[in-house]
Each structure stands twice: as structure tokens, then as C-alpha cells.
Amino acid sequence: MALGCGFLAACEDPSVQHPGPVSRPGSPAVFADPVGDRGLDFVHFNGRSGELLLAEITCGGGAVLDIDDDGDLDLYLLQGRMLGPGKTLRDSIVRPKHEGPLTDRLYRNDLEPGEGDSGRGGRWTDITADLGFKPSRYGCAAAAGDYDGDGRIDLYLANLGPNQLLRNLGGGRFEDVTAVAGVGDEGSGVVALFFDYDRDGVLDLFVGNNMAFDLSGKVVCRSLTGARDYCGPGAYPSQPDRLYRGRGDGTFEDVTAASGLGSALPVPTLGAVSGDFNGDGWADLYVANDGQPNRLWIQREGGRFEDRALLSGVAVNGSGAAEASMGVAAGDFDGDGDADLFLTHLIKETNTLYRNDGGALFRDLTARVELAAASLPFTSFGTGWLDFDNDGWLDLFVANGAVTQVPALVEAKDPFPLHQRNQLFRNGGEVDGSIRFRELPAAEAGLPFERSEVSRGAIFGDLDNDGDPDVVVLNNAGPARILLNQVGSRAPWVGLRLTVGSPPRDALGATVRLLRQGSPDLWRRLATDGSYGVANDPRILFGLSGGDRLKALYVDWPDGTQEEFAAPAVGRYTTIHQGSGVPVGSGDP
């Protein structure tokens with residue numbers, strides 16, 4: 001791994017921090033940066049003033065969502081600000097790149113027809129000035145969903161301080177309805193997600209809080225060498241998570257205590273993902289905690305949740321150790337129809353893959369699938385399951401960036417000595433009853449994987465509508481990077497948008513089963529949650545083998561009903577609305 005820009009004077013400008021090579025001749029790799037100036041000029045500002053406050057390296061989130069209902073994904077990115085009592089920009093080590101007040105930024109995707117095949121991925125227009133409110137808080141994470149059922153996707157922002165619910169008014173304008181909705185939690189929110197846990201057709205909201213950060217600089221932590229360094233999770237008191245139930249009138253009820261989540265002692269939450277992990281048709285919740293056992297909240301009768309993580313095998317790793325647990329992703333990597341879990345962790349801990357054996361019984365298969373050794377040198381955050389080559393098997397992307405200063409970078413006098421390169425792992429599929437992952441070198445993965453930055457969030461979505469997953473990498477104190485997929489659309493694919501209600505909204509929590517002639521069925525779940533601090537593309541992508549013949553499609557809707565549909569068209573997106581198929585009974589068709 002390169003030492004990065006410690007030797008380069010240009011690194012003092014955050015817009016060019018830790019640059020990588022700009023071109024290389026030869027065959028296309030998996031991912032590439034868009035060619036030329038496409039308008040995405042966002043650079044995150046973390047407000048560091050030299051006091052090494054843990055909060056300043058924790059955040060870096062955002063969301064993809066279609067704000068204007070034009071069929072492509074737009075981009076909302078959360079910004080930081082100065083931290084600490086009385087701190088101003090005069091105290092900052094690095095000046096912010098953006099002129100004027102520090103705010104979140106909204107970019108409209110002006111994708112032209114045919115641009116998905118050009119490798120450029122559209123043009124991004126900054127429309128922050130038209131937002132309709134002033135996003136001036138220190139943002140960490142975003143959740144996206146139509147909470148009020150009006151057909152427009154709304155945003156919930158988890159901040160260091162009071163959170164915000166933003167109602168989409170259309171045309172790129174939002175209004176802050178936090179007070180009316182009753183969801184202005186004042187903790188250090190680092191994760192939020194929408195899901196319909198009670199199957200009433202109204203979205204509910206989970207908010208995960210981390211720690212009560214001390215921003216005065218009075219709490220001082222040191223490395224093993226005695227040098228001052230960023231603190232770990234034990235330096236500050238933990239804050240409780242929150243669960244809000246949507247009432248259906250635009251307001252929420254705090255059901256943290258009534259649901260059972262409030263019975264657990266507060267621990268520092270970092271990641272969360274929803275899913276039906278035990279296959280009973282009701283949404284559950286997996287919460288990843290920093291250095292403490294993780295929690296698997298299985299939903300029981302009456303909307304109550306019980307933590308079954310220890311009995312299910314996902315509280316600690318296979319060696320019995322609690323890990324740092326920053327990012328989390330749920331997906332069916334082995335094609336057996338249930339949700340498996342992948343978690344990212346601290347350097348020397350290894351990331352962890354838990355295989356669901358059915359009924360929420362998990363096994364740690366990290367070493368067996370060859371994911372352990374490759375993660376040891378890295379501290380990892382954002383992550384996601386994505387079929388980058390559209391071969392039907394879910395692969396893995398991992399965003400890396402340290403949380404304690406890297407000695408070699410400190411010695412090189414690097415101005416922000418936390419940067420690391422990101423990783424891409426290919427799922428080789430089942431061979432002789434086993435699955436193995438292989439990390440792709442930069443020559444195969446692409447030039448973005450030679451770059452070394454302090455990555456946090458990773459957003460997954462088809463930005464250019466060409467039928468393969470792209471990635472937006474969000475760097476702490478660095479630029480947002482778009483990684484455009486160059487290979488997936490060469491294979492056959494099926495794209496789906498699933499909707500419920502009137503007007504239609506995304507059917508968060510729905511599960512799709514695609515039946516193929518002579519090949520195993522494919523399973524996908526509709527969700528925007530997972531990774532770290534982000535909201536992902538709500539659409540579903542299936543990669544197909546060249547000779548696949550599709551038989552039918554089955555959808556398990558969030559309300560527990562199931563419908564059968566004819567095989568969808570290959571090579572384009574199809575919208576499927578609940579109630580337009582053939583009803584089937586419960587259980588497997």
C-alpha cells in the first residue's frame with residue numbers, strides 16, 4: 001500500500017487529497033472514475049483543529065434517491081462543520097473547499113439517454129440553493145423513504161446533535177418537519193433506516209446513536225508509543241438507540257421502550273440493517289456495535305423485539321470476540337434464499353461473514369470463504385453486496401480508512417495519516433459445495449482502488465441506468481468519488497422497481513424470487529439500508545448467465561402477502577406494483 005500524499009505539496013488542498021493515477025492503457029477494469037468534469041465537486045469537511053476529536057473522523061454519509069421522479073438517481077451528501085466550543089474556521093487545519101457557509105449538498109443527476117453506455121455517467125448539477133431549508137448541522141448519516149405516503153422520497157438526517165426529518169415537496173425542495181413529526185433525537189446519530197416493521201403500510205424509523213462525544217478536547221487519548229491519538233469507544237458514555245413507529249398521519253410515536261429495544265443497556269452503535277432473518281414474514285433488525293456484542297432484534301408477537309444475537313451466533317465472531325463493527329450488509333451470497341450478514345471491523349480484527357443456515361442460525365465462515373487475511377491490514381467502514389459482473393453471485397465492496405494514526409504515515413509527516421485503499425472481492429460461486437472470495441488487484445478492479453483515502457460511507461446504486469451497480473465513495477475530509485461499473489452491463493440483467501400504495505412508493509422490505517429454467521433461483525431483498533451512514537438505490541438488479549431462461553417471478557410484499565408475475569423483460573427496468581399479479585398462498589410456490 002502506497003504511503004499516499006505525505007510527500008506531495010498538493011495534498012494541502014482537500015480537493016486533490018491522496019490522488020491516484022488518471023489513466024492506463026489496456027482493457028477496461030471493473031470500475032472507473034467518470035471522464036472529465038461532470039459537476040460533482042463535493043469535498044467533505046470534518047472540522048479538525050488538531051485536538052484529535054473522535055467525532056471528526058466518525059462521519060461521512062449520504063444518500064442516492066430520485067428526488068424529481070425522472071427515473072435516475074440524485075445525490076444528497078452530508079457535510080461537517082467546526083467542532084468544539086467557540087471554534088471557527090480560523091481554527092481549522094484545512095480550509096473547506098466550498099465557498100460560503102458549510103452545508104449539506106444536493107446534486108441532481110442530469111443523465112441523458114444513452115449516457116449509461118458512454119462510461120461518463122451523466123452530469124451532476126448542484127441544486128443546494130433550491131433546497132428550501134438550511135442544512136447547517138454536522139451530518140453523519142442519511143435514511144431515505146416515503147414516510148408520508150405521498151409518492152415522493154423523503155430524507156432523515158442523523159447528526160451530531162438534533163436529527164432532522166426532511167419532507168420532499170417536489171422539484172428538489174424539502175421542508176424540515178422534525179418538530180411536527182416528533183423524531184428530533186438529540187444523540188450522536190450515526191445510522192438511521194426506514195422499514196415497516198408492523199406491516200401496516202406506513203414506514204417506521206430506527207435511529208442508532210453512538211457516544212456522547214466530548215468536544216472540548218479535555219479527554220486525551222494516546223497511542224502505544226505515548227503520542228496523542230484519537231480515542232476509542234471506551235472514552236465516552238454510550239447513548240441509547242431509538243425506534244419510532246409511523247402513525248400514518250405524518251407523525252411518529254417513540255416505541256423504544258414498548259418494543260423491547262429500550263430494555264438493553266446503551267452501547268455505541270455504528271451500523272444497522274433490517275431484514276427477515278428467521279423467515280417468519282416479520283421484519284427484524286440487526287445492530288452493529290463498536291467493541292461490544294452486536295444485537296439481533298427478532299420481532300415477536302405484538303411488535304415486540306427480543307435480542308437473539310448470542311443464540312443466533314452473531315453477537316460475537318466465531319472466536320467469541322466482540323469486534324469494532326462499523327459497516328454491515330445483508331444479502332444472500334450463497335443463493336439459498338435467506339439473508340447472510342457481512343460486517344466490517346478494525347485493523348487486525350478481520351471483517352466477518354456470517355452465513356444464515358435458516359431460521360436466524362448463523363455461522364462465522366470468514367476464514368473458510370477466504371475473506372479473513374485480506375482484511376487484517378485495514379480498518380473498514382462502508383460495505384455492500386453487489387453483483388458487479390452480473391453473473392448471479394453477490395460480490396463485496398469494502399471502504400477503508402483508519403481511526404488511529406498510521407505510524408508510517410505519521411513518520412512521513414502526512415497531514416491526515418489515516419488513509420487506506422479500498423477493496424473489491426469477487427464471489428467465485430459454488431464449486432464442489434464451497435464458495436470462495438478473491439480480492440481483485442487494482443489492475444482488474446480499476447484505478448480507483450490504487451487511491452488511498454479516508455473512506456467512510458459507500459453508496460450503491462445504478463447511477464447511469466445501464467443495469468449494473470455503481471458506487472459512490474464518501475471520504476472523510478476528502479472528495480466524494482463516483483465509481484462507474486464498466487463490465488456488468490455486458491451480461492444479461494433484469495432490473496425491478498417494486499411499489500405499493502397509492503400514490504406508489506418503494507416497497508421497502510419486499511423479497512423477490514426469480515425462477516430460472518435449469519438454474520437455481522435468485523433471491524433479492526428491496527432495501528436502502530446497510531453499509532455505513534448511507535441510503536442506497538431502492539431498485540433491484542439480477543445478473544443472469546448468458547443461457548438463462550426466466551420462468552416466473554414471485555414477490556413477498558412487506559404486508560406478508562405474495563404474488564406471482566410473469567418473467568420480466570431482460571435488459572431493462574420494470575416497475576411492478578402490488579396487486580397487479582396473481583395472489584398465491586403463504587410459503588414456497
Side-chain angles (χ1 to χ4, degrees), residues 14 42-63 76-106 128 131 133-143 155-166 174 176 178 183-192 207-217 219 230-231 233 235-239 242 268-271 290 326 381-382 401 403 416 418 454-457 474-480 532-535:
F42 181 85
V43 178
H44 182 260
F45 177 79
N46 68 4
R48 67 188 192 275
S49 56
E51 297 186 49
L52 301 185
L53 304 176
L54 179 58
E56 71 193 24
I57 60 168
T58 300
C59 300
Y76 189 97
L77 301 178
L78 279 74
Q79 184 59 284
R81 59 189 301 182
M82 290 305 300
L83 287 170
K87 288 289 192 299
T88 70
L89 290 179
R90 295 178 181 177
D91 301 300
S92 175
I93 292 176
V94 178
R95 296 285 299 177
K97 190 263 184 186
H98 297 285
E99 296 182 0
L102 287 164
T103 69
D104 301 347
R105 304 194 82 83
L106 176 62
T128 307
L131 269 175
F133 77 103
K134 185 179 181 181
S136 59
R137 299 176 185 177
Y138 199 114
C140 281
L155 280 169
Y156 186 81
L157 309 182
N159 304 309
L160 296 182
N163 297 338
Q164 294 168 283
L165 178 62
L166 308 181
F174 292 79
D176 189 333
T178 311
V183 289
D185 184 70
E186 297 188 0
S188 296
V190 295
V191 61
V207 178
N209 287 313
N210 195 248
M211 296 172 283
F213 295 113
D214 176 82
L215 302 179
S216 68
V219 178
Y230 289 103
C231 293
Y236 312 101
S238 299
Q239 297 177 319
R242 298 291 179 197
T269 295
L270 282 173
D290 191 355
M326 276 77 86
F381 279 81
V403 293
F416 196 31
L418 303 176
V454 187
S455 298
R456 292 295 182 253
L474 305 179
N475 295 304
N476 185 281
Y532 181 81
V534 306

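Values below: every heavy atom of this structure, side chains too, minus hydrogens, waters and symmetry copies. Computed from a prediction, not measured in an experiment: that's the story for all the values here. Positions are given from 1 along the sequence.
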Min side-chain heavy-atom separation [X]-[Y] under 4.5 Å:
| X | Y | result |
| --- | --- | --- |
| Leu83 | Ser49 | no |
| Glu56 | Phe213 | no |
| Thr58 | Phe381 | no |
| Val219 | Leu54 | no |

On a heavy-atom basis, which atom in [X] and which in [Y] lie closest, and how many Å separate them?
| X | Y | answer |
| --- | --- | --- |
| Asn163 | Gly187 | OD1-O, 4.5 Å |
| Val534 | Gly457 | CG1-CA, 3.9 Å |
| Leu78 | Gly62 | CD1-CA, 3.8 Å |
| Ala192 | Ala143 | O-CB, 3.5 Å |
| Gly139 | Cys59 | O-CB, 3.5 Å |
| Gly86 | Asp91 | O-OD2, 4.2 Å |

Partner residues of Tyr156 under the ring pair (Phe, Tyr, Trp, His ring centres under 6.0 Å) criterion, sequence neighbours left out
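Not a single residue meets the ring pair (Phe, Tyr, Trp, His ring centres under 6.0 Å) criterion with Tyr156.
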Residues which pass side chain to side chain donor-acceptor pair (under 3.5 Å) with [X], listed by chain and number, not counting sequence neighbours:
| X | value |
| --- | --- |
| Asp185 | Asn209, Arg242 |
| Asp214 | Ser216 |
| Thr178 | Asp176 |
| Tyr236 | none |

[X] side chain to [Y] main-chain N or O, any donor-acceptor pair under 3.5 Å?
| X | Y | result |
| --- | --- | --- |
| Thr128 | Leu106 | yes |
| Asp104 | Gln79 | yes |
| Asn210 | Thr269 | yes |
| Asn476 | His44 | no |
| Arg456 | Ile57 | yes |

Gap between atom [atom2] of [Y] and atom [atom1] of [X] - 0.5 Å precision:
| X | Y | atom1 | atom2 | result |
| --- | --- | --- | --- | --- |
| Phe45 | Leu89 | CZ | CG | 5.0 Å |
| Met326 | Leu270 | CE | CG | 7.0 Å |
| Tyr76 | Leu155 | OH | CG | 6.5 Å |
| Leu215 | Lys87 | CG | NZ | 9.5 Å |

Would you please name every residue forming a side-chain contact (heavy atoms from CB on, under 4.5 Å) with [X], sequence neighbours left out?
| X | result |
| --- | --- |
| Leu52 | Arg228, Tyr230, Gln405 |
| Ile93 | Arg48 |
| Ala141 | Ala158 |
| Pro162 | Arg137, Glu186 |

Report the relative orientation of the aromatic rings in Phe42 and His98; use parallel for angles under 30°, tilted for 30 to 60°, perpendicular for over 60°.
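Plane angle between 30° and 60°, so tilted.
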Is there a side chain to side chain contact (heavy atoms under 4.5 Å, CB included) between Val454 and Asn46 once you walk through the steps?
CA-CA 11 Å; Val454 187; Asn46 68 4; over 6 Å; no
